[in-house]
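Quick notes on the structure that follows.
Just so we're on the same page: letters track the sequence lines, and every chain starts at 1.
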Amino acid sequence: MDGAKLMPHLLRAAALACTAAAGGILLVLIYLVLPLFTSGGWGSVIAWQWLPFQGRFGILPMVVGTLLIALGALAVATPLAVGVACFVQVLAPGRIKGICLALVHYMTSIPTVIYGFVSIFLLVPLIRQWFDRGTGFSLATATIVLSLLILPTIVLVLQATLRELDRSARVTCAALGFSRPAYIRHVLLPLCRRGLLAAVVLGFGRAVGDTLISLMLAGNAPMVPASPLDATRTLTAHIALVVATDSQSTFYHSVFAAGLILFLVMVLIQLILRRLGGTFTP
Amino acid sequence: MRPTANRRTSDLATTIFCWTAAVLTMLAVLAVMGFLLYRGAGTLGPNLFFGETHWWEAVRGVRPVFDGLWSALAGTALLVLLSCLLAVPTGIAGGIYLSEYGSRRFRAVAGFAVDLMAGIPSIVMGLFGFSLIVVLRHTFVPRAKTGLLLAAVCIALLVLPYLVRTTQNALAGLPSHLRLLGPSLGFTPWQNIRHVLLPSAGRGILSGVILAMGRAAEDTAVILLTGAVAQAFLPRSLYDKFEALPFRIYYMAAEHRTAAELDQAFGTALVLLMLTGTLFGLAFAAQRTMEKRWKG
Amino acid sequence: MERMKRIPEPMLEIADLSVRFAGKQVLESVNLDLYPGELVMAIGPSGSGKTTLLRAVNRLNEAYPHCNTRGQVRIRLADRWWDIYAPSTPLAELRLRVGMVFQHPNPLPFSIYKNVALPLRISLGMNPKETLLRVQRALEAVQLWSEVKDRLHDSALTLSGGQQQRLCLARVLALEPALLLLDEPTASLDFKATRHIEALFQTLKQRYPILAVTHNPGQMRRLADRVMVLQDGRCVAAMSRPEIEDPEHSRRVMEAFF
């Protein structure tokens, strides 16, 4: 009986712990970034050059690199995902629908390191050959692979929205003589805008947050790329590179700043998703 | 009453577009898997795991394995086990509380925190763990260093929100008549959860746990910053450095010196893919049976 | 010959129609002819196959899995007979000519105007000017125009249930169908809205042959020219207008099967 009485308290403690953990992580990050504010270190971090041994700790190239790769991946993945989601929900014949959906689900479980690893030996040589320029480790390579990574997120969130719409509108529209492609274009897609936006925002979050693909494929040069075939470095890869290579502790400010930026981007994304309403979990 | 030519063209374009997208996606995934299978399948065998060492001695840790991925496999298994020990009870309990007890306000606040945590990139989680060590070194524990326990804590934090959410969703997805069953029999809320709701939602929660294990096994960015190394043998204590499959793949991709090492890297990648694939299959099956049960 | 000509040809012929869903027999050997100017009602308890009968006419059963249809359904469009289930019959065009109103009002979550206009634009490829005229005429035909003309661009979901159902009727009428299928169109409406819509059907049947289903004997008495009684997927009785109006007779039939 005592145990039963204790349970709700234990459950409550667990729930509080989960909540506190999120707050704790934020607090630690802020604590670490604090010196940047007090000693005016932001000026050195918000700069265009990363030459740590000359005392230049700018991470703006990485911010640009992150944005380019993430937006590029979205640009590739979103139209594909719309096509796949509509295919699965409306056009696919019964069996193929099941297979296709299972495969998209399965994609969410493929480790990112595997995408990176396979691409090094499959895609990188191809890019090097086709364009005959650079090493093949480039913005374009990372963008293509990253789009594959975020594709299932977008498809699944979008398809959940489509499924709800389809349930109510399919028979009505069939009775009105809409062909299935016309139904997709004129009814489903206009009505799923909110779900699509949520899916894209979530996909963007995944793209910004991914480390391994950009770390393994983007070439990691801390500069703003002039062409898609140039190497670039993302914030996530920057953190990994600086911390994992046992750099001097003076470098860490830029890493913590990068971490805080990433964290704040995620807060922003969550706020946007809240505004869109509903729960959009892939 | 024939369709206009215009409309027929756009219909055709829509159809072609959707089919192309689906086929391209499938081909891309199959290419990744096929390539890995093609390059890695030949290496599968006891030799891949234990190298020249006898397997029983390797498993018991009597003799270290130099040229196999046994320590990486064991490291990953330990990591998954430890992080799940930390995260699973907390996550499920938190999910139950949020679904069944929490006030609206608490639910909103905690829900936001959980979503936020789910959104934290794993590299930031790794950075958090790494910074903890830095902070500890400057304060209470001057000799603190990264290692298995730290990595497990960070991975646990990484998968915690998934566990909370899947538990919550599994409970929320139960039909309402089931929710009223307990109270109608005079159960207390906890008795109702314990004897009615949890057994009904069990498979949904289980699938969440398995998915969390998969995530724990595959994540590379966290362990990159919290103690994974390229050559470590079996960890002797919770504070030791360790090897892990995903880290080994990442490391070997850049650092392989011979063709044999590269082959081994492909084998390692294939093993990891099979591991996460199996976990995914289990989770999918659990979820399926759960859905079938309540959709009648 | 003179007299033969005056007997009108039917608009719709259903012959030996059987429908099964996943092996379960829902309709069995149903026969029905529908003539211009009449409103035929299928009546029966729920599960008797009424809705399936309607949906067999515009092949909407195929929107649900594991459906197997046998028998023949033919429709006369512009003096030509079309076999509805022939592979060469264009399905989307067929459905355009067979207007269906559902049991629950089912406006799409667009504006009032777009609900009526969208099928015109997409399925008929009309230009905006024609569309506007057609929408207005359709809304007038269901006596909705005066109620919504100042808020055509509000969401259709802001309308009351009765208004929504009239909007759905207008959406169908705007496509100028050859016949109408009504699937218990007043089942989810209150008394006043029901009477309003029933009055509409009285006038509409002059222009469109109507096949309707209901489970409401009162409605049957008020609207039907002919009645077929369905039970477990079979047609078990039929009544003509005089028989429907004879309270004794129709009560006996109803009591036998309900």
Worksheet, complete the sentence: A:Ser119 meets the side-chain contact (heavy atoms from CB on, under 4.5 Å) criterion, sequence neighbours left out, with A:Leu123, A:Val145, A:Leu217
Response to the item:
Looking only at A:Leu32, A:Ile120, A:Leu235, most heavy-atom pairs under 4.5 Å shared with chain B are made by A:Leu32
Worksheet item: chain B heavy atoms under 4.5 Å from A:Val90: which part of the residue, side chain, backbone, both or neither?
Response: neither
Worksheet item: So, for B:Phe266 and A:Phe117, is the gap between ring centers shorter than 6.0 Å?
Response: yes
Practice prompt. Please determine, among B:Phe247, B:Phe128, B:Phe17, B:Phe106, the option with the most heavy-atom pairs under 4.5 Å with chain A.
Written response: B:Phe128
Worksheet item: Which region of B:Leu273, side chain (C-beta onward) or backbone (N, CA, C, O), has a non-hydrogen atom less than 4.5 Å from a non-hydrogen atom of chain A, or is it both or neither?
Response: both
Discussion item. Below 4.5 Å, heavy-atom pairs only: which of A:Ala182, A:Gly209, A:Pro111, A:Ala92 has the largest tally toward chain B?
Written reply: A:Pro111
Which pairs of donor and acceptor atoms, one on a side chain in residues 132-139 of chain B, lie under 3.5 Å apart (sequence neighbours left out)?
{"unit_1": "B:Arg137", "atom_1": "NE", "unit_2": "B:Ala144", "atom_2": "O", "d": "3.0"}
{"unit_1": "B:Thr139", "atom_1": "OG1", "unit_2": "B:Val135", "atom_2": "O", "d": "2.8"}
{"unit_1": "B:Thr139", "atom_1": "OG1", "unit_2": "B:Leu136", "atom_2": "O", "d": "3.4"}

Worksheet item: With a cut-off of 6.0 Å (strictly less than), are more than 12 heavy atoms of other residues, nucleotides or ligands near CZ of B:Arg107?
Response: yes
Response to the item:
If you tally heavy-atom pairs under 4.5 Å between each of B:Leu12, B:Leu225, B:Leu224 and chain A, the highest tally belongs to B:Leu225
Practice prompt. Considering only heavy atoms and a distance below 4.5 Å, find which of A:Ala17, A:Ala81, A:Gly23, A:Pro79 pairs most often with chain B.
Written response: A:Pro79
Worksheet item: Between A:Val265, A:Leu151, A:Leu215, which has the largest tally of heavy atom pairs under 4.5 Å with chain B?
Response: A:Leu215
Worksheet item: Using 4.0 Å as the upper bound for N to carboxylate O, is an ion pair formed by A:Arg180 and B:Asp11?
Response: no
Fill in: Under 4.5 Å from a heavy atom of chain B, the part of A:Thr211 involved
side chain
Worksheet item: Partners of B:Arg248 by salt bridge (Lys or Arg N to Asp or Glu O under 4.0 Å), sequence neighbours excluded?
Response: B:Glu243
Worksheet item: If you count heavy-atom pairs under 4.5 Å with chain B, which of A:Leu260, A:Thr236, A:Ile114 comes out on top?
Response: A:Ile114
Discussion item. I'd like to check A:Thr19 versus B:Val114 (side-chain heavy atoms, cut-off strictly below 4.5 Å). Are they in contact?
Written reply: no
Discussion item. Suppose a student defines contact as a heavy atom less than 4.5 Å from any heavy atom of chain A. Which residues in residues 279-288 of chain B would they list?
Written reply: B:Phe280, B:Phe284
